[in-house]
There are 2 protein chains.
Amino acid sequence: MAAQLTTLTRTAQPFRGFIAASAARELSPAGTTLGARPVESDPLATVGTLRCVERDMAVFSEGDDADSVYRVVDGMIRLHKLLPDGRRQVVGFLQAGDMLGLSVGGLYIYTAEAVTTSSLRRIPRERLDSLMDEQPALARKLLTTMTTELVAAQDQMLLLGRKTAAEKLASFLIALGKRAAARTPGCRRVELPMSRTDIADYLGLTTETVSRGFTKLKTARLIRLLEGNRVELVDQDALADMAGCCCG
Amino acid sequence: MAAQLTTLTRTAQPFRGFIAASAARELSPAGTTLGARPVESDPLATVGTLRCVERDMAVFSEGDDADSVYRVVDGMIRLHKLLPDGRRQVVGFLQAGDMLGLSVGGLYIYTAEAVTTSSLRRIPRERLDSLMDEQPALARKLLTTMTTELVAAQDQMLLLGRKTAAEKLASFLIALGKRAAARTPGCRRVELPMSRTDIADYLGLTTETVSRGFTKLKTARLIRLLEGNRVELVDQDALADMAGCCCG
DNA sequence: CGCGTAGTTGATGAAAATCAAATGTGGTGG
DNA sequence: CCACCACATTTGATTTTCATCAACTACGCG
């Protein structure tokens, strides 16, 4: 069979995860970017109209005409796809800075809903196109964005196809932890605004299995469940081991 | 829970699949494209140096320095990721026209190997960058390419997370069928140059389960196994039904 | 305060993995 | 050309993991 390289890159991946892509990590509090020069700060920071979406309401649905792309300003957005009989796969949880709605063929290929009440910037497709005409750098930036998303998607494929329930859960928590640490360095706590069902549908499990998994991690003293849907990652190294490699 | 839209788009998706993206469907036999005008034919068709890769040899490996992108000219390439203990997830099967090697953070995030002896065009990263400088349209084209890949990746997540073994197999065959039909309209036969193990690792199954699945589909007269690793899709509609929606 | 929903825990079942063996198949060398 | 070998595939028996079914608990909200 195939050559099995064992030199895996444990720390190599600049984690971004969750089929989310942030075109601007270096987000300035409120953009002052106006120029058309090749600026490093995000050219999309202030573009588009603000839209608020209540908890559990849809931003758009699978199959809708994909007339706009969105960028999360605040809150959390969940992306999912459905099978005809209702089985659901959550393909991403998005947070501030992440983009959604890029599509091919003119239709959205997933449904986007607010996990928590969220605000987004809506950018009509034509607006995005004209922006890319004006600033060729934008297309390159979005290309990076999409590439990052694809990396996350492939990590998730590995998770869904080959990891056990415990490994999936550990991976999920580690990924959330890295996210949290990126915002608040050194932070060991992660927020879980999404329901057990959401987590289950993201990891290809059932709510019961997710719940049992949390209980087991708690019993093993790897995590602590705090009030307010928070989790403390007590032993991140053990979790990372359990996650099997580069998390994802 | 979330609003469950039942209006799924069965036929809506312009299938591309397999985490492969073809930047040029409209490939001319040998490009005569030299100008820097916004041409519609593929600006990458003749760029880069040709490289041949023997069966089961690696094009590059996960963790390698990502100094080049590649484009498949002929043959089939398999992309995979590994867990530390050797569990493998195949994240894509690529054919002529498909691109591989785009990465973030400077390292390849999967291993690329030849399923069959293949030829590829190698394009150094700097060359690609300078090409994008010269032709802003190229970045947009690649953006479409990546978006298409991402759609395929999300379909695969749905498959891996929520489909049964039979559904996975049916989805796989339907997807291959659409590919084959795109090349040879009306064709009901698909080639399976990859091994059962490859298919299993692509679908998140074992070889035994894949084999049993094929046997069952054969017994149900939905497919016929031909010599030379070919399969005839006898009842594509039944297969599509079994695949559950838009294939993927 | 009590209802409804979300989450946890327990018992059982089913799908697919694992273990094991038989059958094919392609390639090599006699 | 045929025999043989190595390996891929198929088939069968058993085990395991996780899903399903069911009940109970906790929490939020009117």
Side-chain angles (χ1 to χ4, degrees), chain A residues 1-2 54-56 78 83 85-90 115-117 159-170 172 191-220 223-231 242 244, chain B residues 1-2 54-56 78 83 85-89 115-117 159-172 191-220 223-231 242 244:
Chain A
M1 169 136 306
E54 293 296 315
R55 195 174 185 288
D56 281 332
R78 159 184 76 225
L83 285 174
D85 64 0
R87 276 174 288 171
R88 188 179 74 145
Q89 179 66 42
V90 170
V115 174
T116 62
T117 298
L159 177 146
L160 291 168
R162 288 299 179 215
K163 289 187 182 178
T164 65
E167 290 167 346
K168 286 176 177 181
L169 219 39
F172 178 66
E191 310 243 355
L192 296 182
M194 70 293 281
S195 70
R196 292 287 184 266
T197 305
D198 285 341
I199 298 173
D201 285 347
Y202 182 60
L203 300 177
L205 300 170
T206 58
T207 51
E208 293 95 329
T209 302
V210 170
S211 183
R212 281 184 244 272
F214 276 126
T215 303
K216 208 165 278 183
L217 289 175
K218 191 175 58 177
T219 308
I223 63 170
R224 230 180 320 180
L225 299 180
L226 312 172
E227 79 294 345
N229 292 321
R230 271 177 172 70
V231 176
M242 184 176 293
Chain B
M1 169 134 307
E54 293 296 314
R55 194 171 187 286
D56 281 332
R78 157 184 78 224
L83 285 173
D85 65 0
R87 276 174 288 171
R88 189 179 74 145
Q89 179 65 42
V115 175
T116 62
T117 297
L159 178 145
L160 291 169
R162 288 300 178 214
K163 289 187 183 178
T164 65
E167 290 167 346
K168 287 176 176 180
L169 218 39
S171 302
F172 178 66
E191 311 242 355
L192 297 181
M194 70 293 281
S195 70
R196 293 287 184 268
T197 304
D198 286 341
I199 298 173
D201 286 347
Y202 182 60
L203 300 178
L205 300 170
T206 59
T207 51
E208 293 94 327
T209 302
V210 169
S211 184
R212 279 183 246 272
F214 275 125
T215 304
K216 210 165 276 182
L217 289 175
K218 191 174 59 177
T219 308
I223 63 171
R224 231 180 317 180
L225 299 180
L226 312 172
E227 78 295 345
N229 292 323
R230 273 177 170 71
V231 176
M242 184 176 291

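Sequence lines set the chain letters: A, B, ... in the order given, protein chains first and strands last, and positions in each chain run from 1. Side-chain atoms are counted along with the backbone in the values below, which use heavy atoms only and exclude waters and symmetry mates.
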**Asked** From the list C:dG7, C:dT18, D:dA19, which nucleotide is the closest neighbour of the side chain of B:T206?
**Response** C:dT18
**Request:** Answer whether the closest heavy-atom distance between the side chains of A:L160 and A:Q89 falls below 4.5 Å.
**Result:** yes
**Message:** Distance check needed: C:dA15 C1' versus B:L169 CG, whole Å only.
**Reply:** 15 Å
**B:R78 side, atom CZ; B:T116 side, atom OG1 - distance, nearest 0.5 Å** = 10.0 Å
**Request:** Using whole Å, report how far CG of A:L159 lies from P of D:dC18.
**Result:** 12 Å
**Asked** Whole Å only: how far is the CG atom of B:L205 from the P atom of D:dT9?
**Response** 15 Å
**Request:** Go through the steps to decide whether B:L192 and B:F214 satisfy the test side-chain contact (heavy atoms from CB on, under 4.5 Å), and finish with yes or no.
**Result:** CA-CA 12 Å; B:L192 297 181; B:F214 275 125; 3.9 Å; yes
**Prompt:** Any side-chain heavy atom of A:R212 sitting closer than 4.5 Å to one from A:L169?
**Reply:** no
**Prompt:** Tell me: NZ of A:K216 to C1' of D:dT17, nearest whole Å?
**Reply:** 10 Å
**Request:** Specify the separation, in whole Å, of atom CZ of A:R196 and atom P of C:dT8.
**Result:** 4 Å
**Request:** Check every strand shown and say whether A:G204 touches a base, only sugar-phosphate, or nothing at a heavy-atom separation below 4.0 Å.
**Result:** sugar-phosphate
**Complete:** In whole angstroms, the gap separating C1' of C:dA6 from CG of A:D198 amounts to 12 Å
**Request:** Answer with yes or no whether A:E208 presents, from its side chain, a donor or acceptor under 3.5 Å of a partner atom in the base of D:dC21.
**Result:** yes
**Message:** Taking the side chain as everything from C-beta on, heavy atoms only, tell me whether A:E54 gets closer than 4.5 Å to A:D56.
**Reply:** no
**Request:** Classify the side chain of A:R212 and the base of C:dG10 as holding, or not holding, a donor-acceptor pair under 3.5 Å.
**Result:** yes
**Prompt:** Side-chain N or O of A:T209 less than 4.0 angstrom from OP1 or OP2 on D:dC18?
**Reply:** no
**Touch class at under 4.0 angstrom, heavy-atom based, for A:T164 against every strand present** = sugar-phosphate
**Request:** For B:D201 and C:dA17, give me the distance from atom CG to atom P, rounded to whole Å.
**Result:** 11 Å
**Fill in**
Ranking C:dT8, D:dT9, C:dA16 by distance to the side chain of A:S211, first place goes to C:dT8
**Message:** From CZ of A:F214 over to P of C:dG7, roughly how many Å is that when rounded to an integer?
**Reply:** 10 Å
